[in-house]
Amino acid sequence: MRTEPKAARPDADRRSARRERCVLRCRITHGPWREVVDAIIRDLHEDGARLRLNSRIAVNGRMRIEIQPSGAVHMADVAWQRGDEIGVRLIATPDETVERQIDALRRAGAQLRQSGRPPADDDGY
């Protein structure tokens, strides 16, 4: 009797680095409207993480993960989603100072647009 070799399970652990189990609160910002979702990081490894969302919503593409209460920020791409759990690939850790400056510029631009006043001319530029 000939037997076929067992195929690897689709959910087999294919990580290149050992994962560390943890329970860390985080806030995810994702999508074109920058929706915010609270989540728990359940395990973490060098290249990614597994998160449990506090609500069942579809999350895909690029996201910003802010770890609470430290405020550390990571950019990640969704690798998979099953129910309220997602796996992400960590792709960058932006400099928080630069990110805060960008947010401040966005808020200032939004305030100018809401006021209806044109920006002041600057002779130097």
> From Arg25 CZ over to Glu66 CD, what is the distance, rounded to the nearest 0.5 angstrom?
Replying inline: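 If we round to the nearest 0.5 Å, Arg25:CZ and Glu66:CD are 10.5 Å apart.
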> What's the spacing between Met63 CE and Arg34 CZ if we round to 0.5 Å?
Replying inline: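 The CE atom of Met63 sits 12.5 Å away from the CZ atom of Arg34.
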> Counting only heavy atoms not in Asp84, do more than 12 fall under 6.0 Å of its CG?
Replying inline: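 More than 12 within 6.0 Å, yes.
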> Is there a donor-acceptor pair under 3.5 Å between the side chain of Ser70 and the backbone N or O of Ala72?
Replying inline: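 Yes, the answer is positive, given that a donor and an acceptor are paired below the 3.5 Å cut-off.
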What I'd like to find out is whether the side chain of [X] reaches to under 4.5 Å of the side chain of [Y], using heavy atoms alone.
X	Y	answer
Arg64	Ile28	no
Ile40	Cys26	no
Arg62	Ile91	yes
Ile65	Val73	no
Ile67	His74	yes
Arg50	Ile86	no
Leu53	Gln81	yes
Leu51	Glu85	no

> Nearest heavy-atom pair of Val37 and Ile57: which atoms, and what distance?
Replying inline: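 Residues Val37 and Ile57, closest heavy atoms: CG2-CD1, 3.2 Å.
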> Step by step, would you call Asp43 with Arg21 a salt bridge (charged side-chain N to carboxylate O under 4.0 Å, His left out)?
Replying inline: CA-CA 4 Å; Asp43 63 51; Arg21 301 239 184 255; 3.4 Å; yes
